[in-house]
Amino acid sequence: MSKSFSPIKAAAICSFTGHKLQVTHQVNDRIQEMCCVKCGKQMTTNIYGNIVPLNDQYSRINRALNDLAVKKNRRELGFYS
């Protein structure tokens, strides 16, 4: 028998037991994007290190920070672009 996934049930479970976050994207050395394994809610760390829900604003900020980190790594390795 297969279990049917219910987002409402998963969200209710997470509200009682807490989210089980797994890192899905490492933006730079301090900021990560995470996803809850149970309910699928996406979270990120902000500049203060707090875990906050990933919304459109944080998504754009993380993309810009990732671009800067990639450029910095290329410059340190000697690849100019």
Side-chain angles (χ1 to χ4, degrees):
M1 287 188 194
S2 65
K3 292 184 179 180
S4 61
F5 177 74
S6 172
I8 297 171
K9 184 178 179 182
I13 291 171
C14 285
S15 68
F16 290 117
T17 62
H19 294 285
K20 183 176 182 184
L21 298 174
Q22 180 179 18
V23 175
T24 57
H25 185 245
Q26 184 76 30
V27 176
N28 60 19
D29 58 341
R30 294 183 183 177
I31 298 182
Q32 305 165 341
E33 289 182 0
M34 299 161 277
C35 185
C36 178
V37 176
K38 298 177 196 173
C39 67
K41 187 172 182 178
Q42 294 181 333
M43 308 284 245
T44 187
T45 52
N46 62 8
I47 59 173
Y48 304 109
N50 300 329
I51 296 175
V52 295
L54 182 66
N55 57 21
D56 198 32
Q57 178 183 5
Y58 281 115
S59 181
R60 286 181 294 185
I61 291 170
N62 288 349
R63 242 182 288 129
L65 288 172
N66 188 29
D67 291 344
L68 288 172
V70 168
K71 286 180 183 180
K72 179 182 175 187
N73 288 338
R74 285 184 182 170
R75 186 174 55 238
E76 288 175 354
L77 295 174
F79 300 119
Y80 301 103
S81 61

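Keep in mind that this is a model prediction, so the values were computed, not measured.
Within the model, atoms CG of L54 and OG of S59 stand 5.5 Å from one another, a figure rounded to the nearest 0.5 Å. Summarising the geometry, atom CG belonging to N66 is positioned 13.5 Å from atom CD1 belonging to I61; distances are rounded to the nearest 0.5 Å. Taking CG from N62 and NE2 from H25, the interatomic distance works out to 8.5 Å, rounded to the nearest 0.5 Å. Atom NZ of residue K20 and atom SG of residue C39 lie 12.5 Å apart, to the nearest 0.5 angstrom. To the nearest 0.5 Å, the span separating CG on D67 from NZ on K72 amounts to 15.0 Å. With rounding to the nearest 0.5 angstrom, the SG atom of C14 is 5.0 Å from the NZ atom of K38.
Checked by atom type and distance alone, the side chain of T45 never pairs as donor or acceptor with a backbone atom of I51 at under 3.5 Å.
Using a 4.5 Å heavy-atom cutoff, the side chains of M34 and V23 are in contact.
Of all heavy-atom pairs between P53 and M43, the closest is CA-SD, 3.6 Å. Of all the heavy atoms in A69 and N28, the pair that sits closest is CB-CB, 4.1 Å.
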